[in-house]
Number of protein chains: 2
Amino acid sequence: MTTHGDATETLSDPDFDAAGDLVERGIDAGALVTLFGRCRVDYDGRATSTLGPGDRHVMLKPDGAALVHTDEGQQPVNWQPPGCEHAVRVVDGEFVVESERSSPDELLSIAFESLSHVGVFDVTDATDLSLTGTEEDLRERILDDPDLLEPAFTPLATERSTPAGAIDIYGEDADGRTVVVELKRRRVGPDAVGQLDRYVQALGRDLHDEAEIRGLLVAPSVTDRARELLAQKGLEFVSLAPPEE
Amino acid sequence: MTTHGDATETLSDPDFDAAGDLVERGIDAGALVTLFGRCRVDYDGRATSTLGPGDRHVMLKPDGAALVHTDEGQQPVNWQPPGCEHAVRVVDGEFVVESERSSPDELLSIAFESLSHVGVFDVTDATDLSLTGTEEDLRERILDDPDLLEPAFTPLATERSTPAGAIDIYGEDADGRTVVVELKRRRVGPDAVGQLDRYVQALGRDLHDEAEIRGLLVAPSVTDRARELLAQKGLEFVSLAPPEE
DNA sequence: ACATTAATCTCGATG
DNA sequence: CATCGAGGTTAATGT
């Protein structure tokens with residue numbers, strides 16, 4: 001066992017009793033717990049899955065999330081969302097980690113036949129991520145300079161609600177016609193065209209003036225099918241990306 | 001340092017030189033590498049992000065994926081997809097992990113001011129996940145017993161392609177009318193209705209017989225807005241879920 | 001490489 | 001609680 005500054009504690013090739021003690025202590029202390037070893041994994045909840053024996057890395061977070069990672073992929077092979085209860089016990093010679101929640105009822109069960117590592121990490125992280133280049137940045141760019149869309153475009157509202165959902169930017173063109181703007185931070189396919197079309201139709205029913213409403217899809221680029229759909233539905237496209245920095 | 005069976009090796013409170021040696025050795029050996037300590041994280045690529053100092057858990061996978069986890073959330077606060085090159089070096093008294101790829105150009109940089117743990121794990125996992133309760137299971141359930149949709153429904157094709165995309169199930173009803181079926185494994189909103197409508201319209205143009213085509217949305221349930229949209233567009237809904245087991 | 005869609009999507013905002 | 005839409009979505013599949 002290795003301890004340092006009350007912050008991190010690890011066990012190598014622990015016996016199951018020692019591992020159980022450390023993991024329970026870590027969970028109770030609100031620490032982040034990791035395990036590595038050969039295990040089977042079963043999940044039952046929104047779907048059902050089984051995973052035969054293999055070496056995997058398991059992370060139990062203090063917010064109740066659980067992650068099972070293999071050597072491949074950005075996504076965990078199995079997981080449990082935040083809000084779960086973690087528990088460990090030894091059953092039939094296996095070290096079993098269970099993570100459970102209700103609504104929906106879901107259970108993740110990880111049965112280790114051998115454990116080569118257990119770690120407990122005291123995490124303090126008050127920092128928030130600062131992210132730029134999002135759809136919101138694109139919206140701000142347009143509101144700062146509406147002429148980017150077309151000359152004399154006038155934004156009137158953002159997030160204007162319709163029976164079909166909220167319109168990103170609602171405004172008027174140079175001729176006083178209503179304009180519905182849908183923003184996407186990256187290249188778009190047919191789904192985005194469908195979304196814009198829904199908003200235009202819903203707004204038309206709201207205003208009883210469907211023919212006079214223009215729909216503008218704003219994105220860096222569109223796929224061929226999306227372009228065809230736009231043409232079919234009489235919608236327009238403006239190429240614009242979020243600010244670079 | 002702790003070694004066992006060539007499989008797992010960990011360092012506690014390592015100095016940066018020893019940590020660098022172990023991490024590089026782990027990466028070269030195709031192992032899964034973990035680090036824990038106080039760090040800053042910067043990302044630049046499809047978007048841009050910065051994250052101030054805090055304690056985080058870092059995982060470097062042999063396929064080139066990188067994950068930075070805080071104490072909260074199922075998702076990593078920063079990451080890099082598979083296919084990246086990982087590198088470590090000591091710069092200005094910080095232990096820096098960089099993960100980079102091209103197309104798109106993306107760089108993730110993690111600068112540790114202190115390291116309390118480094119782990120190297122030899123992963124062997126040939127097992128495939130077996131998952132049930134997916135949309136594909138729902139499709140098989142219907143193909144096994146088409147009457148689940150309605151009496152005398154006859155499936156003719158799956159994944160039938162149209163200019164608007166592939167239709168989940170394409171078939172005929174008791175009266176010989178063409179039926180377009182869109183499947184969803186869980187409760188659906190307006191987007192699924194738009195998707196089904198696109199397919200019906202596209203097939204109508206293909207067959208020059210739009211009026212005679214029925215559209216069926218099959219899901220466990222629909223939201224109110226989706227139900228209204230279905231009614232407006234003359235589409236139908238059948239409540240059905242993927243098989244339980 | 002691009003296009004399209006599913007996902008135990010996750011996550012946050014909002015009513 | 002449910003609903004809705006964004007996401008550096010990711011992952012899989014087809015072309």
Side-chain angles (χ1 to χ4, degrees), chain A residues 43-49 65-68 72-84 101 103-108 129 131-139 159 161-168 182-192 195 198-199 221-227 242, chain B residues 43-49 65 67 72-83 101 103-108 129 131-139 159 161-168 182-192 195 198-199 221-226 242:
Chain A
Y43 159 76
D44 193 49
R46 287 165 290 174
T48 301
S49 76
L67 304 168
V68 182
E72 288 186 336
Q74 171 174 341
Q75 297 304 129
V77 64
N78 276 114
W79 70 91
Q80 203 68 296
C84 295
R101 70 162 176 168
S103 64
D105 276 335
E106 289 188 301
L107 174 65
L108 178 68
L129 182 75
L131 179 68
T132 61
T134 64
E135 182 179 301
E136 191 178 341
D137 293 315
L138 176 56
R139 174 169 55 207
E159 302 292 328
S161 90
T162 76
I167 297 171
D168 284 339
E182 173 63 26
L183 307 175
K184 294 294 172 191
R185 67 173 299 280
R186 61 171 197 176
R187 184 174 175 84
V188 294
D191 51 340
Q195 198 179 343
R198 289 207 320 271
Y199 297 157
S221 59
V222 290
T223 67
D224 288 346
R225 261 189 200 161
R227 197 180 287 279
Chain B
Y43 159 77
D44 193 49
R46 287 167 289 175
T48 302
S49 77
L67 304 168
E72 288 186 333
Q74 172 175 339
Q75 297 304 129
V77 63
N78 276 115
W79 70 92
Q80 205 65 299
R101 70 162 175 170
S103 68
D105 276 334
E106 289 188 301
L107 173 65
L108 178 69
L129 182 75
L131 179 69
T132 62
T134 65
E135 183 179 301
E136 190 178 341
D137 293 315
L138 176 56
R139 174 169 57 206
E159 302 292 328
S161 89
T162 75
I167 295 170
D168 284 339
E182 174 62 27
L183 306 175
K184 294 294 170 189
R185 67 173 298 279
R186 64 170 196 175
R187 183 173 177 83
V188 295
D191 52 338
Q195 198 178 344
R198 284 201 335 259
Y199 299 157
S221 59
V222 290
T223 68
D224 287 346
R225 268 188 193 161

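Numbers restart at 1 for each chain; the letters A, B, ... are given by sequence-line order, proteins then strands. Computed over heavy atoms, backbone and side chain alike; hydrogens, waters and symmetry mates excluded.
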*asked:* Rounding to an integer number of angstrom, what distance separates D/dG8 and C/dT4 when you compare their P atoms?
replied: 22 Å
*Go along nucleotides 5-15 of chain C 5' to 3' and tag each nucleotide: B for a protein heavy atom under 4.0 Å from its base, S when only backbone or sugar atoms are that close, - otherwise.*
SSSBSSS----
*Under 3.5 Å donor-acceptor, B/R225 side chain and A/P163 backbone*: yes
*For D/dA11 and C/dC11, measure between their P atoms and round to the nearest Å.*
15 Å
*Between D/dA2 and B/T223, is there an OP1 or OP2 to side-chain N/O distance shorter than 4.0 Å?*
no
*How about A/P190 and A/T223: do any of their side-chain heavy atoms sit closer than 4.5 Å?*
yes
*Just wondering, do B/D191 and A/D191 contact through their side chains at under 4.5 Å, heavy atoms?*
no
_If I pick the C1' atom on D/dG7 and the same atom on C/dA7, what distance separates them, to the nearest angstrom?_
13 Å
*Take B/V188 and B/E182 through the side chain to side chain contact (heavy atoms under 4.5 Å, CB included) test and state the conclusion after the steps.*
CA-CA 11 Å; B/V188 295; B/E182 174 62 27; over 6 Å; no
*Taking it one step at a time, do A/E159 and A/R139 satisfy salt bridge (Lys or Arg N to Asp or Glu O under 4.0 Å)?*
CA-CA 11 Å; A/E159 302 292 328; A/R139 174 169 55 207; 2.7 Å; yes
*Short question: side chain of B/R101, backbone of B/Q80 - any donor-acceptor pair under 3.5 Å?*
no
*Would you mind reading off the distance between A/L138 atom CG and D/dA6 atom C1', rounded to a whole angstrom?*
13 Å
*Given atom CG of B/D224 and atom P of D/dC1, what is their separation to the nearest angstrom?*
19 Å
